[in-house]
Structures are given as C-alpha cells and as structure tokens.
Amino acid sequence: MRFTRGQKGLTFRQKKKRIDGTKLRKILVWAAQIAAVVAISYFVVFSFGFRTMMIGNAMQGTLEAQDQVLVNRFVLMVSSPKRMDVVVFLPKSNARSNYYIRRVVGVPGDTVRITDGYLYVNDEVTDLPGSGEEITVPGLAADEITLGEDEYFVMGDNPNASEDSRHFAIGTVSREDMVGVAYMVISPIDHLGTID
C-alpha cells in the first residue's frame, strides 16, 4: 500500500465508486420482467392447468374412467356455470372427498324432475349427451325440485351409473363447491380432445 501526501496530510482512503444509474435501471427492468413472467405463469397454471381424474363410469359416453382432464378455474371466477357445462366439484365442500365430474342440467331458478324415465328441466324433456337410456332411478328428482339462488342440479351423462344431485349424499351443488369447468382430456392419448 502506498501512502500519498495530500494537502491535509497522509490519506489511506480509497476512492468511493459511484453507482451507475444505467446499470441499476437495467437490473430493475430485468427483475420486473422476471416477476411479470412468474406472475403470468402462475396465473395460467392456476387458472387452466388444474388436473383431475374421472373416477367411475358416471360420465361414460363423454368421459371414460381414469381419463385425466384439465379444469378451467378462471371461468367460474368471472361467470356462473351454464346449463350443460361439465363441472368439477367437491360434494358439500367435503375436502376429503374425490373430485366429482358431472354435467350441469339445472341452474338457479330452474325446475327439475324425472318422470317415466325422462329428465324434465322447466317442463321440457332434456337429453344428456351420449345417453339414450331411460333413467331408472329418479331419486330426489322424483318430485319436482325448484333450484334456489345458488343451487345447481348436476347429473352424469351415464345416469344409471351416476351418483349425482338425485342422491342425498350429493344433492344440489353450490357454486362455492365447484372447482371449475372441465374442458380437455389429456390422458390417455387416445382420448385426447376437448369436452363438449
């Protein structure tokens, strides 16, 4: 180390470096871009990347047992479920239950009943996709049900093999119990495609 003699005597201090404003700006822009990419990725995965599996044959004709499906959670954040949407829900908010996948056949204000093997929604016969069978178990829908403000009536597309709103253990489903709308089968590969 060399000693230098200044006007006021000996000095051992090194010159302070100034922070380069341009470099600091570049670092901040870079950090903001990374944060934006992480936030967008999280939103996309949270909203459209939730995956669950079809258990049982309740949706046979549309979904097969063991089909892996992607669920759109975002759609239920901005709108209500519509009639014929295929929804994923936890019955009665039971977090220990498996996710159920069923079709919405009745929305708030609708009347639902099953008479002589046919599903009637607002006094009109309603067919479930993929099902041409007579419904053998009307369950709770043997008597007409008028759906309340936050009540949805759901059924499986294979109604004679489905536990759904006709059964006391499920009953009507609230929007709060719904996780999202199933929109695509991703596995097995031979079932790959969108869900109607």
- Side chains of F153 and D110: does their closest heavy-atom pair fall under 4.5 Å? no
- Message: Would you compute the distance between atom CD1 of I170 and atom OG of S162 and round it to the nearest 0.5 angstrom?
- Response: 8.5 Å
- Applying the 4.5 Å side-chain criterion to the ILVMFWY set and letting contacts propagate, would Y183 and M77 be lumped into a single cluster? yes
- Not counting sequence neighbours, which residues clear ring-ring contact (aromatic ring centres under 6.0 Å, His included) with Y100? List them please. F89
- Message: Please find the pair of heavy atoms, one from P81 and one from V104, that lie closest to each other, and give the distance.
- Response: CB-CG2, 4.4 Å
- Message: Is there a continuous path of hydrophobic side-chain contacts, each under 4.5 Å between heavy atoms, that joins L147 to V121?
- Response: yes
- Query: How many angstroms lie between atom CG of N158 and atom CD1 of I135, to the nearest 0.5 angstrom?
  - Reply: 10.5 Å
- State whether the side chain of R103 and the backbone N or O of M84 hold a donor-acceptor pair below 3.5 Å, judged by distance alone. yes
- Message: What's the separation between atom CG in D157 and atom CD1 in I101, rounded to the nearest 0.5 Å?
- Response: 11.0 Å
- Item | Close side-chain approach of V185 and L192, heavy atoms under 4.5 Å | no
- Would you indicate whether the side-chain heavy atoms of Y120 and V125 approach each other to under 4.5 Å? yes
- Hey, are the side chains of M155 and I114 touching, using non-hydrogen atoms and a 4.5 Å cut-off? yes
- Item | Beyond-backbone contact of N98 with M53, side-chain heavy atoms, under 4.5 angstrom | no
- Decide side-chain contact (heavy atoms from CB on, under 4.5 Å) for N72 and M184; before the verdict, give the C-alpha distance in whole Å, the side-chain angles of both, and the deciding distance to 0.1 Å. CA-CA 9 Å; N72 180 343; M184 180 179 283; over 6 Å; no
- Indicate yes or no for a side-chain donor-acceptor contact from D150 to the backbone of R175 under 3.5 Å, with no hydrogens or angles considered. yes
- Note on the structure: Looking only at heavy atoms, the pair that brings S165 and G171 closest together is OG-O, 2.8 Å
- Message: Using side-chain contact (heavy atoms from CB on, under 4.5 Å), reason through D123 and R113 one step at a time and then give a plain yes or no.
- Response: CA-CA 8 Å; D123 295 321; R113 68 183 161 86; 3.4 Å; yes
- Side chains of D67 and P188: does their closest heavy-atom pair fall under 4.5 Å? yes
- Reported OG1-to-CD distance for the pair T52 and Q68, which is rounded to 0.5 angstrom: 7.5 Å
- Using atom types as modelled and distance alone, determine if a side-chain donor or acceptor of S174 lies under 3.5 Å from a backbone N or O of E151. no
- Residue pair R166 / V137: nearest heavy atoms and the distance that separates them: NH1-O, 2.7 Å
- With hydrophobic residues grouped by side-chain heavy-atom distances under 4.5 Å, do V173 and I145 end up in a single group? no
- Item | Sub-4.5 Å side-chain heavy-atom contact between R83 and T126 | no
- Message: For L128 versus G156, what's the shortest heavy-atom pair and its separation?
- Response: CD1-O, 3.4 Å
- Item | For the student: nearest non-hydrogen atoms of V88 and A182, plus distance | CG2-CB, 4.1 Å
- With rounding to the nearest 0.5 Å, note down the distance linking NZ in K92 to CZ in F168. 5.5 Å
- Query: Would a hydrophobic clustering, with Ile, Leu, Val, Met, Phe, Trp and Tyr connected at side-chain separations under 4.5 Å, put V71 with V87?
  - Reply: no
- Query: Any donor-acceptor pair under 3.5 Å linking the side chain of N57 with the backbone of Q60?
  - Reply: no
- Message: Quick check: do L76 and V181 have side-chain heavy atoms less than 4.5 Å from each other?
- Response: yes
- Query: Heavy-atom count around D196 CG within 6.0 Å, excluding the residue itself: above 12?
  - Reply: no
- Look at the side-chain heavy atoms of Ile, Leu, Val, Met, Phe, Trp and Tyr, link any pair under 4.5 Å apart, and say whether I40 and L70 land in one connected group. yes
- Query: Could you give the distance from CG (D85) to OG (S79), rounded to the nearest 0.5 Å?
  - Reply: 8.0 Å
